[in-house]
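The figures that follow rest on heavy atoms only: side chains count, while hydrogens, waters and symmetry mates do not. Whatever order the structure lists them in is the order used to number ligands and atoms, beginning at 1. Note that the structure is a prediction, hence the values are computed from the model and not measured. Positions are given from 1, in the same order as the sequence printed here.
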Amino acid sequence: MAVETQAIEALLKENRSFPPPEDFAQQANLNDPEIYTRAAEDPEAFWADVARGLDWFRPWEQVLHWEVPFAKWFVGGKLNACYNCVDRHVRTARRNKAAIIWEGENGESRVLTYWDLYREVNRFASVLREHFGIRKGDRVCIYMPMVPELPIAMLACARIGAVHTVVFGGFSAESLKERINDCQCRLVITADGGYRRGTVIPLKRSVDEALQECPSVEGVVVVRRLGLGLTDATFTHMQEVRDHWWHRVIEDVSPRSDCEEMDSEDLLFILYTSGSTGKPKGIVHTTGGYLTGVYATTKWVFDLKEEDVFWCTADCGWVTGHSYLVYGPLANGATIVMYEGAPDFPDRDRFWAICEKYGVTVFYTAPTAIRAFMKWGTEHVEKHDLSTLRLIGSVGEPINPEAWMWYHQNIGGGRCPVVDTWWQTETGHILISPLPGITTTRPGSATFPLPGIEADVVDEAGQSVPLGGGGYLVLKRPWPGMLRGLYGDPERYREVYWSRYGTMYFAGDGAKRDEDGYFWLLGRVDDVMNVAGHRISTMEVESALVDHPAVAEAAVIGKHHELKGQAIAAFVTVKDGFKAGTELQDELKEHVVKKIGAISRPDDIIFTSELPKTRSGKIMRRLLRDIAEGRALGDTTTLADPNVVAMLRERYEEEGG
Ligand code: PRX
């Protein structure tokens, strides 16, 4: 069912909204709109009810302890996340059900039943305990390609109470080092490499480089993904005593390893994300509230049922992978699909081939991918039978209505509800989203806060903006999966999220509500960019640039990009004695990749003799954005030297844009 752009525009003009299909609503996990009122009347009782869907070793004594801005959920309760995701299922008929269906980029396939997963996780938990002496509370870094050993490692950490910090495999050695040192990891779990678009990503090499300056690390476990017969470029050097092959260490350990009894507020994981400073923040999530939040939202938002095959295309290195590839679906005993590689390898129909092959029923991806599929054309979709799909979702950035409609028509066949889900690394789980059996959706809107969640749009002063208006998105009540802080930095936690409005959580996103109360997310209002659904700080890229000997000063902005949402543009002044030219442009781009990772490669580097600044010396990014996007300049009255902008614009037209 190909729908061309013009047809989409016509549909959008009609202001279409999409009520839940009747048969869908009848069978949905949630189909009673009263749930919103019930939850709002007594949110604590509501969440307590939800938490009873998990297995607790000991019940909690208090649902919520809230001392702004520090929340404790299910106080005194004891549980284990791995037990809830694995052990409790092997005692039921799910024992033989597929837990993970994995597909490698080269076409290999592996299926792990819940029993298989149980065995593997137990063994690896034994490796952690017996071989490396890892104990409850120790930090373990995971830097891996998308292979089953990645969720196995996460669950094994959770089993023994070790705190995992997963670092996306696309990050550089330098970024890896920074994260390992920030939380003082004792162990790194990695692989010799992974496959991406047919090439090898040599992860172990980055680990070796990083570990030259990571004194806390005592050991490394390496999954053999690439196999034997490698070239010099991919050969894996194993350092004696420190490095161990996964397949070897797993051989001589006990086949069973007990679940540690964890307090509801014991740490489950730390995940680093970019903020508005140069240094990534270690977002801390604990056990009981987080697991309750992901368990419930997976069930509600994706309407997950026993027979579903759920494919979330995110990498485990991001929060979406943590919550909706690992903890949420597995806590529900669901079958998940996990894919190692790129969506266009070997061809642009790879995702649809995978959907067809495994009969995927619920599919969850990012707008940047949807826009790429749109551009590639419907012929790749039409080659495959997507009739098993019954629900499709979107996450990571605002989805433009055109992309929403294309997704709905061409992937969802016009019959699948679309859930546009808003949340963040900090929120742990989805907070604003349609409930597919209840909500009438509007293309481009994430619709309403979920039951038990109180969101609002406020002005600078923190006053609620009447319907129809825009402002800042805030959350007015604590929720179970909220971050418990920034690792090792309670002051920064307070400062970033709570200093603005006191008792309301400041999300850093702009939003508006229409006359009917629908939420429309408008993107970040701070110095954070969203490039292809990845959160990147302008300051981080600026720091990487000024680290280069040729750079005197740098200002970075996110400019609109048709596919990626935003692309990185950097305005750079060069030190005397260095030649600004294409060679240096390429060198600087590479330098940023080396410092941060390929996701942060700037699209444009524009050289300038000066940056536009206010009289007090603040760089006027707004003007840079206007220049990069070719717009008429906004207010320039505060500019110290108006000539700088005219000169820059000329430069930009010549070199950059
Ligand atoms: O700006 C919002 C955008 O992504 C940010 C959070 O990024 P991260 O912590 O990396 O988590 C991404 C996956 C949850 C938010 O502050 N964002 C996320 N989902 C949406 C979104 N913007 C608009 N609509 C969404 N559905």
Side-chain angles (χ1 to χ4, degrees), residues 166-168 170-171 269-276 280-285 290 293-294 297-298 301 312-325 327-328 364-371 392-401 403-404 407 418-434 439 441-450 455 457 470 472-475 481-483 486 496-497 505-513 518-538 540 558 564-566 599-600:
V166 185
V167 177
F168 173 56
F171 278 120
F269 66 85
I270 302 168
L271 186 59
Y272 286 85
T273 187
S274 291
S276 43
K281 304 178 285 195
I283 306 291
V284 171
H285 283 290
Y290 172 80
V294 295
T297 51
T298 309
V301 173
C312 162
T313 68
D315 191 288
C316 287
W318 308 112
V319 76
T320 309
H322 281 61
S323 301
Y324 298 105
L325 195 137
Y327 289 112
Y364 189 35
T365 199
T368 185
I370 298 168
R371 289 191 294 264
I392 55 178
S394 166
V395 61
E397 53 182 313
I399 179 165
N400 46 315
W404 194 106
Y407 193 37
V418 177
V419 288
D420 171 13
T421 62
W422 178 89
W423 57 297
Q424 311 175 298
T425 308
E426 290 87 339
T427 70
H429 50 84
I430 299 169
L431 297 190
I432 305 182
S433 162
T439 315
T441 53
R442 294 185 176 170
S445 164
T447 73
F448 304 105
L450 290 177
V457 176
Y472 302 108
L473 181 69
V474 294
L475 298 157
M482 68 189 277
L483 77 163
L486 300 181
V496 176
Y497 306 100
Y505 169 88
F506 173 67
D509 275 312
K512 66 170 191 198
R513 272 175 311 181
Y518 281 72
F519 282 72
W520 298 76
L521 278 308
L522 303 172
R524 303 286 309 187
V525 293
D526 52 10
D527 294 329
V528 173
M529 300 174 281
N530 193 326
V531 180
H534 299 142
R535 199 165 142 176
I536 299 169
S537 131
T538 52
E540 229 175 307
K564 296 193 274 194
Q566 284 188 313
I599 53 166
S600 298

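- Listed by atom number, the atoms of ligand 1 under 4.0 Å from Thr421 heavy atoms are 19 (N), 20 (C), 25 (C), 26 (N).
- For ligand 1, the atoms closer than 4.0 angstrom to any heavy atom of Asp420 are 25 (C), 26 (N).
- Atom 1 (O) of ligand 1 has as its closest protein heavy atom Asp509 OD1, 2.6 Å.
- Near Val395, with a cut-off below 4.0 Å to any heavy atom, the atoms of ligand 1 are 13 (C), 14 (C).
- Put simply, no part of Gly523 is less than 4.0 Å from ligand 1, judged by heavy atoms.
- Shown here for Leu522 and Pro398, the closest heavy-atom pair between the two residues is C-CG, 4.4 Å.
- Side-chain contact between Tyr497 and Leu486 is present, with at least one heavy-atom pair separated by less than 4.5 Å.
- Between Tyr272 and Phe171, a ring centre-to-centre spacing not shorter than 6.0 Å is recorded.
- With respect to atom 23 (C) of ligand 1, the closest heavy atom belonging to the protein is Pro398 N, 3.1 Å.
- Around atom 8 (P) of ligand 1, the closest heavy atom drawn from Thr425, Thr320, Thr427 belongs to Thr425.
- Near Trp423, the atoms of ligand 1 lying under 4.0 angstrom from a non-hydrogen atom of the residue are 6 (C), 14 (C), 15 (C), 18 (C), 19 (N).
- Counting heavy atoms from C-beta outward, Val319 and Trp423 have side chains that approach closer than 4.5 Å.
- Inspection of the Thr365 and Tyr407 side chains reveals no N or O donor paired with an N or O acceptor under 3.5 Å.
- Shortest contact from atom 7 (O) of ligand 1 to any protein heavy atom: Arg535 CD, 3.4 Å.
- Shortest contact from atom 24 (N) of ligand 1 to any protein heavy atom: Glu397 O, 3.3 Å.
- Here the closest non-hydrogen pair linking Ser433 and Thr421 is OG-CG2, 3.7 Å.
- Using a 4.5 Å cut-off on side-chain heavy atoms (C-beta onward), Ile270 and Ile283 make no contact.
- In this view, Trp422 and Asp509 satisfy the side chain to side chain donor-acceptor pair (under 3.5 Å) rule, not counting sequence neighbours.
- At the shortest separation from atom 19 (N) of ligand 1 among protein heavy atoms lies Gly396 N, 3.1 Å.
- If you look at Ala446 next to ligand 1, there are no close heavy atoms at all, none under 4.0 Å.
- Of all the heavy atoms of Val528, none lies under 4.0 Å from any atom of ligand 1, so neither backbone nor side chain is involved.
- Taking every heavy atom of both residues into account, Phe519 and Phe448 meet most closely at CD1-CA, 4.4 Å.
- By the 3.5 Å distance cut-off applied to N or O atoms, Gln424 is counted among the residues near ligand 1.
- By the side chain to side chain donor-acceptor pair (under 3.5 Å) test, Arg371 pairs with Glu397, Asn400, sequence neighbours left out.
- Annotation for ligand 1: atoms under 4.0 Å from non-hydrogen atoms of Asn530 are 3 (C), 4 (O).
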